[in-house]
Amino acid sequence: MRRSAGLAEPIQRKQQRQEHASARVLTRRWRILLSFASGVLLALAFANFNLPLLAWVAVAVLIFASLEGSLGEAALRGLLFGVAFYLFSTPWIYTVMHQYGPLPPWEAAGVMALMILAASPYFVAFTLFVTWIARHDKKLAILASPFLWVALELVRARMPDIAFPWNLLGYAAAGNLALVQLTSVTGIYGLSFVVAAYNAVVVWLIGCLIGWLPRLRGQTNSLLPGALLPSFTALLLVVALIGPRFIPRAQASQVAHLVQTNLPQSMEYPANWDALHAGDMSELDRISISAGQKDHGLVVWPEVPAPLSLSQADFARRAQEIARNSQSNFLLGVIGWEPGADGRLAAYNSAALLDPQGREEFHYDKIHLVPFSEYVPWRDFFWFAKNLTGLAGDFRSGTRYAVGNLPGGRFSVFICYEAVFPNDVRQFVLDGANLLINISNDGWFGRSAAPAQHLEMARVRAVEHRRWLLRDTNNGYTVSVDPYGRVVARLPVDVRAELNAPYAFRSDTTFYTRWGDWLPEICAVVSLGLLLVALLRRTGAGLQ
């Protein structure tokens with residue numbers, strides 16, 4: 001009897017393995033292909049493809065493919081998702097490196113490959129966690145997926161040196177005026193959670209319908225999450241289609257004059273740059289002075305598109321004359337030079353405000369520099385990419401979230417890439433900024449998808465804090481955004497002109513301003529809890 005029982009146990013385990021194998025509906029090849037396709041689908045949700053509805057199913061494809069397979073395969077699936085997503089949503093990385101490097105095609109492709117590899121581990125972690133949990137409990141894996149996704153988005157935004165929170169999932173839904181209002185409570189992460197949760201419900205319903213998830217069979221209550229999909233969809237449609245009618249319209253009380261300089265882009269500037277572009281600069285003087293004389297308010301130039309510095313006597317004199325002759329406050333991007341710890345002058349990507357008398361009243365040094373462009377992280381590690389490390393700038397990072405004064409209120413400036421970091425912009429508002437100004441030089445991107453993607457992310461910062469946003473760029477998109485996310489004024493791209501940009505000072509304190517990244521932090525805690533539950537279940541099963 002004992003011998004028979006001993007033989008029955010391995011036979012039973014073999015039968016269970018056979019049943020488990022027969023329950024699989026996807027081969028390894030299909031799981032890998034679907035993971036790559038999922039990355040492509042999500043990329044198509046962003047500019048320039050502009051198919052945002054795909055975001056509501058793209059992640060479902062990845063989750064569905066991640067519910068089976070080995071952990072090694074899961075890592076490969078996450079990597080392929082990241083490669084597909086960045087390859088189709090950020091091809092402009094190659095354009096920048098090749099056109100403005102100028103790097104040879106193979107070197108530009110190599111730099112892009114390095115950046116994709118540096119940005120993809122978050123997706124690898126997602127597929128690893130989902131697959132690991134699903135090996136014991138697919139229901140728990142589906143439940144955990146939206147929490148894991150948002151927690152990893154927070155990591156993407158907070159990772160030192162190589163943070164790249166570009167095109168977070170929620171931005172695909174942020175184009176809707178009603179849906180984007182959620183960010184005033186949760187930040188962009190709330191929209192990411194809603195989209196990720198919808199994808200998870202889609203997967204649950206598919207699992208129920210095809211009887212794929214063994215633990216769902218014969219359990220009526222397990223159908224409930226999938227049955228919520230029609231209600232979830234109906235609610236989203238009502239909010240998205242009818243909600244915009246109920247969003248208030250903000251009243252502007254002042255007008256700023258945003259000058260789109262449209263100066264040619266170059267990696268290097270000759271010593272006689274001023275002489276070569278004397279006509280361009282004279283035209284900008286005329287446009288700026290004429291604009292400021294309309295109301296003696298605020299004139300803005302974008303992030304420095306040329307080697308312009310107030311430490312240069314000729315340019316300092318030009319900037320002072322614009323402020324004095326227009327009798328306006330003049331905010332502009334400059335190269336700041338300040339003594340470093342070693343006593344040598346260090347370069348900063350900066351913004352300065354001159355008052356109507358031409359005196360510098362405000363200065364801000366960019367804190368969040370662009371990796372591989374304004375500096376090279378881990379420069380010693382990239383010794384093999386001499387062209388890359390030689391072409392990248394060598395800027396120092398600022399340390400102070402500066403707030404300045406204008407007639408009627410206080411303002412802060414964030415420069416270019418800083419627009420994609422929600423918590424960084426939040427610090428300016430916490431320090432008293434009633435108006436947000438973003439100056440940028442998106443000329444590096446040409447007419448790729450990057451400027452439109454950049455604008456979409458900057459626009460959300462206005463909604464998160466209920467602040468007017470003035471965004472001035474070298475060649476587009478130069479806009480005014482109201483505190484609810486409406487673009488109320490804009491200039492055409494690739495023209496030299498001035499935009500009369502309405503704005504007002506606001507002192508609202510949104511839930512997100514007060515509490516910050518509370519939602520992704522909760523998602524991180526929940527994710528850890530669900531991983532612990534999965535571990536305990538696996539341990540318990542192993543002891544039985």
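The structure presented is a predicted model; accordingly, all values stated were derived computationally and were not measured. Note: hydrogens, waters and symmetry copies are ignored here, and every other heavy atom, side chains too, is used.
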Note to self: Can you classify the ring geometry of F126 versus W149 as parallel (below 30°), tilted (30 to 60°) or perpendicular (above 60°)?
What the structure shows: perpendicular
All heavy atoms of L34 vs all of A65, minimum pair found to be CB-CB, 4.2 Å
> What orientation do F421 and H368 show, parallel under 30°, tilted 30 to 60°, or perpendicular over 60°?
Replying inline: parallel
So CG of L229 and OG of S231: to nearest 0.5 Å the spacing works out to 8.5 Å
Interatomic distance, CZ@R28 vs CG@L33, rounded to 0.5 Å, equals 10.5 Å
Partner of Y364 under ring pair (Phe, Tyr, Trp, His ring centres under 6.0 Å), picked from Y401, F428, F414, is F428
| Does the T131 side chain pair with the main chain of L128, one donor and one acceptor, at a distance under 3.5 Å? | no
Scanning both residues in full, the closest heavy-atom pair of I116 with V83 reads CG2-CA, 3.8 Å
Tell me if the CZ atom of F129 is crowded by more than 12 foreign heavy atoms within 6.0 Å. no
| Quick one: are E153 and P520 in side-chain contact, heavy atoms under 4.5 Å? | no
Result for side chain to side chain donor-acceptor pair (under 3.5 Å) between H454 and one of N438, T473, D442 points to D442
When every non-hydrogen atom of V239 is compared with those of N176, the smallest separation belongs to O-OD1, 4.4 Å
What class does the angle between the rings of F445 and W92 fall in, given that below 30° is parallel, 30 to 60° is tilted and above 60° is perpendicular? perpendicular
Review point. Is there a side-chain contact between L369 and Y417 (heavy atoms, below 4.5 Å)?
Key: no
Nearest heavy-atom approach of L177 to V180 is O-CG1, 3.3 Å
**Message:** When you compare the side chain of I522 with that of V525, does any pair of heavy atoms fall below 4.5 Å?
**Reply:** no
Rounding to 0.5 Å, atoms CD (E521) and CH2 (W515) come to a distance of 11.5 Å
*Flag the pair F123 / L79 as yes when at least one side-chain heavy-atom distance between them is below 4.5 Å, and no otherwise.*
no
task: Report yes or no: does E464 contribute a side-chain atom to a donor-acceptor pair with the main-chain N or O of G187 at less than 3.5 Å?
output: no
**Request:** Name the orientation class of the two ring planes belonging to Y512 and H465 (parallel below 30°, tilted from 30 to 60°, perpendicular beyond 60°).
**Result:** tilted
task = Measure from the side-chain N and O atoms of R459 to the backbone N and O of G485, and report whether any donor-acceptor pair falls under 3.5 Å.
result = yes
Given side chains that start at C-beta, do those of F85 and N167 come closer than 4.5 Å, heavy atoms only? yes
Distance col, row D508:CG vs T513:OG1, nearest 0.5 angstrom, shows 8.5 Å
Under a 3.5 Å cutoff, is there a donor and acceptor pairing between the side chains of Y484 and S184?
no
_S527 side chain to L148 backbone, donor-acceptor under 3.5 Å_ = yes
* Does S35 use its side chain to pair, donor to acceptor, with the backbone of L62 at less than 3.5 Å? -> no
_Ring geometry between W518 and F511 (parallel below 30°, tilted from 30 to 60°, perpendicular above 60°)_ = perpendicular
Value for CG (L169) from CG (L152), rounded to nearest 0.5 Å, stands at 12.5 Å
Closest non-hydrogen atoms of A134 and S66, given as atom of the first, atom of the second and distance, are CB-O, 4.4 Å
Does A433 offer a backbone N or O that forms a donor-acceptor pair with the side chain of R467 under 3.5 Å? yes
Answer yes or no: is there a side-chain heavy-atom contact under 4.5 Å between L67 and V203? yes
Please evaluate residues Y171 and I188 with respect to the criterion side-chain contact (heavy atoms from CB on, under 4.5 Å), reporting the C-alpha separation (whole Å), side-chain torsions for both, the decisive distance (0.1 Å), and the verdict.
CA-CA 7 Å; Y171 290 118; I188 187 59; 3.7 Å; yes
N/O donor-acceptor pair under 3.5 Å between R466 side chain and T510 backbone:
no
Correct closest heavy-atom pair for I367 and E418 would be N-OE2, 2.8 Å
Quiz prompt | Side chains of L535 and L531 in contact at under 4.5 Å (non-hydrogen atoms) | solution = no
When rounded to the nearest 0.5 Å, the distance separating CD1 of I133 from CZ of R537 is 10.0 Å
Would a 4.5 Å heavy-atom cut-off, applied to side chains only, mark F395 and V370 as touching?
no
